[in-house]
J.: 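Pasting a structure below so you can have a look.
Positions are given from 1 along the sequence. Because the structure is predicted, anything quoted here is derived from the model rather than measured. FYI, side chains are in, hydrogens and waters are out, and symmetry mates aren't considered; it's all heavy atoms of this structure.
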Amino acid sequence: MTYNGSFKIADANRAFLQRAHGHFIEGELTPGEGTRSGCVRDPSTEDVIAEVPLASRADVELAVRSARQAFDDGRWRYMAPTSRERILLKFADLIERDADNLAELETLEQGKSLAIARYVEVAGGVDFARYAAGLATKITGMTFDVSIPTPPGLRSTAYTRREPVGVVAGIVPWNFPFAIAIWKIFPALAAGCSVVLKPTELTPLTAIRLAELAFEAGVPAGILNVIIGDGEAGSALVASNDVAKISFTGSTATGKAIAKVAADRMARVSLELGGKNPAVVLDDADLEQTVGGLMLGAFLNQGQVCCSASRVYVTAGLFDRVVTGLEGAVKTLTLGAGLDPNAQVNPLVSAQHRDRVLQFLSEADGKAELLHGAQVPDRGYFVAPTVVVNAEASLRLTHEEVFGPVLTVTRVADAEEAIRRANDNSYGLAASLWTRDLKACLDIVPQLHAGTVWVNTHIPLDPALPFGGFKQSGNAREFGPRWAEAYTEEKSVCIVH
């Protein structure tokens, strides 16, 4: 398959796109046994840039069996923690070495801005990778003074140890496929697990490159396998008895289905799911900072971010000025391909997703004031960035996750109403508060039902800061000093002596 886009791409990426693609199992690329295939498209042009095989159940079983054998024989988990750490740090170095090509490849298959792919996803991914690699040497247990009535003259020594859970299924979405693959791979490998990674069939290319770089860095064959597939492959992976843990990032509906299947065999599950994230803006907020921060929080990656700002509640004293500022800002945004350095808004990932977002806006037409950004190009999966003012509460876009460049802004009487409306949703992933009043900040933050609350900003993540949701936004935390522990089992040991 040949790239025929309008922008020059690296020779290495051109060669990569033209080669035969396959799953990465036991250290090798393989087309697999499946008879189905899929097309990877450039979202800015709708052109096919690669054809990939879609994994059959037999392919999934092969990848899982390879990972299970690699885990059981101890080639990785029994390696000294410092050795695992060293290999993972080398893996991160190789990602950094190939950063420009990886970012470009991410933009080609996902559509996002090259600047975001380079600095947020790849460079940021390297930071997360190195943080997680360092956890390989920092997995600890505890000792206990127990009160077991042992026979006279004997004592008890008790402690806990953390052991790798086994084979981990990492299921990755299409919005940040490179970064989220890193978030699955590195902590699991740091803990001593083996991983079968399944990227979505829409954006599988950077996952294959990650597997190749891992093998180059010294991760043993079978420890990281990658299968390309759709829901059929995902279902087979989740149902496999040899998969000890499932780490899933994606929609709440799919996460619930995975949890039900995993519950039948008590497989461990970490779910990072959707969000309908509120921002509360008080009268004393800095107007320029707030408008700029909400624009970034709402329209980064075209709003295809689980923790994006999607509904804003502004107290009456500042409402009109915030709406005017957002309208002025959204109308200045330029639309174009991710490889176009002048484009500020890029295409959505697929035609299906574009049409879904447009349906939300169509339903709102006539029932709210719609402030649209620039006209969309003739080709590509574009949606104009849109601010929806005072939408009727019955509209789906006021309470369902749109996952596109759509921001609702609603007038509220006071902070109390803003908090009540912010919490009136089944999601609880993230929220933000915009104020210069320290007392209001400290009083309101505990009242917002969200796993992360930002103040005077929205959307930044850091590997040291745990991230995850309340309510239907998930049941786990990623990042932070206990990140790798999520891929372990805690074992209690009691020795009578």
J.: Does the side chain of Arg130 come within less than 4.5 Å of Glu85's, by heavy atoms?
T.: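 Side-chain contact under 4.5 Å: no.
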J.: So, the side chain of Lys112 versus the backbone of Asn175: is there a donor-acceptor pair under 3.5 Å, distance only?
T.: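 Yes; at least one donor-acceptor contact below 3.5 Å.
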J.: Which value, rounded to the nearest 0.5 Å, describes the distance between Ser37 atom OG and Leu54 atom CG?
T.: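 The OG atom of Ser37 sits 6.5 Å away from the CG atom of Leu54.
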J.: So how far is it from Ser308 OG to Asn277 CG, rounded to the nearest 0.5 Å?
T.: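 Answer rounded to 0.5 Å: 6.0 Å.
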J.: Quick one: does any side-chain atom of His458 pair with a main-chain N or O of Cys307 as donor and acceptor, under 3.5 Å?
T.: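 Side chain of His458 to backbone of Cys307, a donor-acceptor pair under 3.5 Å: yes, one is there.
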J.: Please report the C-alpha distance between Phe24 and Ile227 in whole Å, then the side-chain angles of each, then the deciding distance to 0.1 Å, and finally whether the side chain to side chain contact (heavy atoms under 4.5 Å, CB included) criterion is met.
T.: CA-CA 7 Å; Phe24 192 88; Ile227 54 170; over 6 Å; no
J.: Check for a donor-acceptor pair, side chain of Asn225 on one end and backbone N or O of Glu26 on the other, with a separation under 3.5 Å.
T.: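 Answer holds: yes.
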J.: When rounded to the nearest 0.5 angstrom, what is the spacing between CG in Asn475 and CG in Leu271?
T.: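 Nearest 0.5 Å value for the CG-CG distance: 4.5 Å.
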J.: For the CZ atom on Arg482, are there more than 12 heavy atoms of other groups (residues, nucleotides or ligands in this structure) within a distance under 6.0 Å?
T.: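 Incorrect, the count does not exceed 12.
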J.: Distance only, no hydrogens: is a donor on one side chain within 3.5 Å (strictly under) of an acceptor on the other, for Thr252 and Gln472?
T.: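 There is no such pair between these side chains.
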J.: With a 6.0 Å cut-off on the ring centroids, do Tyr427 and Phe470 count as close?
T.: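 No, ring centres 6.0 Å or more apart.
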J.: For Thr203 and Thr200, which I'm curious about, is there any donor-acceptor pair between the side chains at under 3.5 Å?
T.: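 Looking only at side-chain atoms, Thr200 and Thr203 do not form any donor-acceptor pair under 3.5 Å.
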J.: Any donor-acceptor pair under 3.5 Å linking the side chain of His23 with the backbone of Ile228?
T.: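 Answer holds: yes.
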J.: Regarding Thr206 and Glu109, do their side chains bring together a donor and an acceptor under 3.5 Å, going by distance alone?
T.: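 Short answer, yes.
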J.: Tell me yes or no: between the side chains of Ser44 and Asp42, is some donor less than 3.5 Å from an acceptor?
T.: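 Looking only at side-chain atoms, Asp42 and Ser44 do form a donor-acceptor pair, the distance falling under 3.5 Å.
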J.: Please find out if less than 6.0 Å separates the ring center of His353 from that of Trp174.
T.: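 Aromatic pair counts; centres sit under 6.0 Å.
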J.: Taking the side chain from Glu272 and the backbone from Gly469, do they hold a donor-acceptor pair closer than 3.5 Å?
T.: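 Side chain of Glu272 to backbone of Gly469: no pair is present.
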J.: Judged by atom type as modelled, is there a donor-acceptor pair below 3.5 Å linking the side chain of Arg41 to the main-chain atoms of Asp47?
T.: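 No, Arg41 side chain to Asp47 backbone: no donor-acceptor pair under 3.5 Å.
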J.: Are any side-chain N or O atoms of Arg311 and backbone N or O atoms of Lys276, one a donor and one an acceptor, separated by less than 3.5 Å?
T.: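 The answer is yes, because a donor-acceptor pair under 3.5 Å joins these two groups.
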J.: Considering only NZ, NE, NH1 and NH2 on the basic side and carboxylate oxygens on the acidic side, decide whether Arg162 and Glu485 come within less than 4.0 Å.
T.: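 Between Glu485 and Arg162 there is a salt bridge, with a charged N closer than 4.0 Å to a carboxylate O.
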J.: Please assess Leu197 against Ile185 for the test side chain to side chain contact (heavy atoms under 4.5 Å, CB included), listing each intermediate value before the final yes or no.
T.: CA-CA 8 Å; Leu197 190 77; Ile185 293 168; 4.0 Å; yes
J.: Between Phe479 and Trp183, is the ring centroid distance below 6.0 Å?
T.: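 That pair passes the under 6.0 Å test.
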J.: Looking at Ser56, is its backbone amide N or carbonyl O close enough to the side chain of Asp59 to form a donor-acceptor pair, meaning the two atoms are under 3.5 Å apart?
T.: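 At least one qualifying donor-acceptor pair exists.
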J.: Hey, could you give me the CD/CD distance between Gln302 and Gln110, rounded to the nearest 0.5 Å?
T.: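 Rounded to the nearest 0.5 Å, the CD-CD separation comes to 7.5 Å.
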J.: Does the salt bridge (Lys or Arg N to Asp or Glu O under 4.0 Å) test come out yes or no for Glu212 and Arg19, once each step is laid out?
T.: CA-CA 14 Å; Glu212 292 174 337; Arg19 80 185 197 186; 2.4 Å; yes
J.: What distance separates Leu210 CG from Phe91 CZ, expressed to the nearest 0.5 Å?
T.: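 If I round to the nearest 0.5 Å, the distance is 5.0 Å.
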J.: Do Ser247 and Lys184 have side-chain atoms, one donor and one acceptor, less than 3.5 Å apart?
T.: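 Yes, Lys184 and Ser247 have a side-chain donor paired with an acceptor closer than 3.5 Å.
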J.: Step by step, work out the salt bridge (Lys or Arg N to Asp or Glu O under 4.0 Å) result for Arg97 and Asp93.
T.: CA-CA 6 Å; Arg97 180 197 69 187; Asp93 289 344; over 6 Å; no
J.: Side chain of Thr408, backbone of Ser310: donor and acceptor closer than 3.5 Å?
T.: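 Present.
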J.: Would you check, one step at a time, whether the test salt bridge (Lys or Arg N to Asp or Glu O under 4.0 Å) holds for Glu163 with Lys491?
T.: CA-CA 7 Å; Glu163 300 176 355; Lys491 177 181 288 184; 3.0 Å; yes
J.: Above 12 or not: heavy atoms from other molecules or residues under 6.0 Å from CD of Gln447?
T.: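 Atom CD in Gln447 is packed in, count exceeds 12.
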J.: Between Leu237 and Val64, is the side chain to side chain contact (heavy atoms under 4.5 Å, CB included) condition met? List the steps.
T.: CA-CA 8 Å; Leu237 186 59; Val64 172; 3.6 Å; yes
J.: What distance separates Glu106 CD from Ser113 OG, expressed to the nearest 0.5 Å?
T.: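 With rounding to 0.5 Å, CD (Glu106) is 11.5 Å from OG (Ser113).
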J.: Hey, does the side chain of Asp73 reach the backbone of Arg75 with a donor-acceptor pair shorter than 3.5 angstrom?
T.: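 Such a contact is found between Asp73 side chain and Arg75 backbone.
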J.: Does the pair Asp100/Arg118 count as a salt bridge with the N-to-O cut at 4.0 Å?
T.: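 Answer for the salt bridge query: yes.
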J.: Taking only Lys NZ, Arg NE, NH1 and NH2, and the carboxylate oxygens of Asp or Glu, determine whether Arg209 and Glu216 approach each other closer than 4.0 Å.
T.: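 Salt bridge absent between Arg209 and Glu216.
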J.: Between Lys90 and Glu96, is a salt bridge (Lys or Arg N to Asp or Glu O under 4.0 Å) present by the stated rule, with each step listed?
T.: CA-CA 10 Å; Lys90 183 178 179 181; Glu96 188 171 53; over 6 Å; no
J.: Decide whether Thr452 and Trp454 meet the rule of one side-chain donor and one side-chain acceptor closer than 3.5 Å.
T.: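 Judged by distance alone, the side chains do not pair up.
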J.: Check the pair Leu102 / Glu121 against side chain to side chain contact (heavy atoms under 4.5 Å, CB included), numbers first and verdict last.
T.: CA-CA 10 Å; Leu102 290 166; Glu121 194 152 10; over 6 Å; no
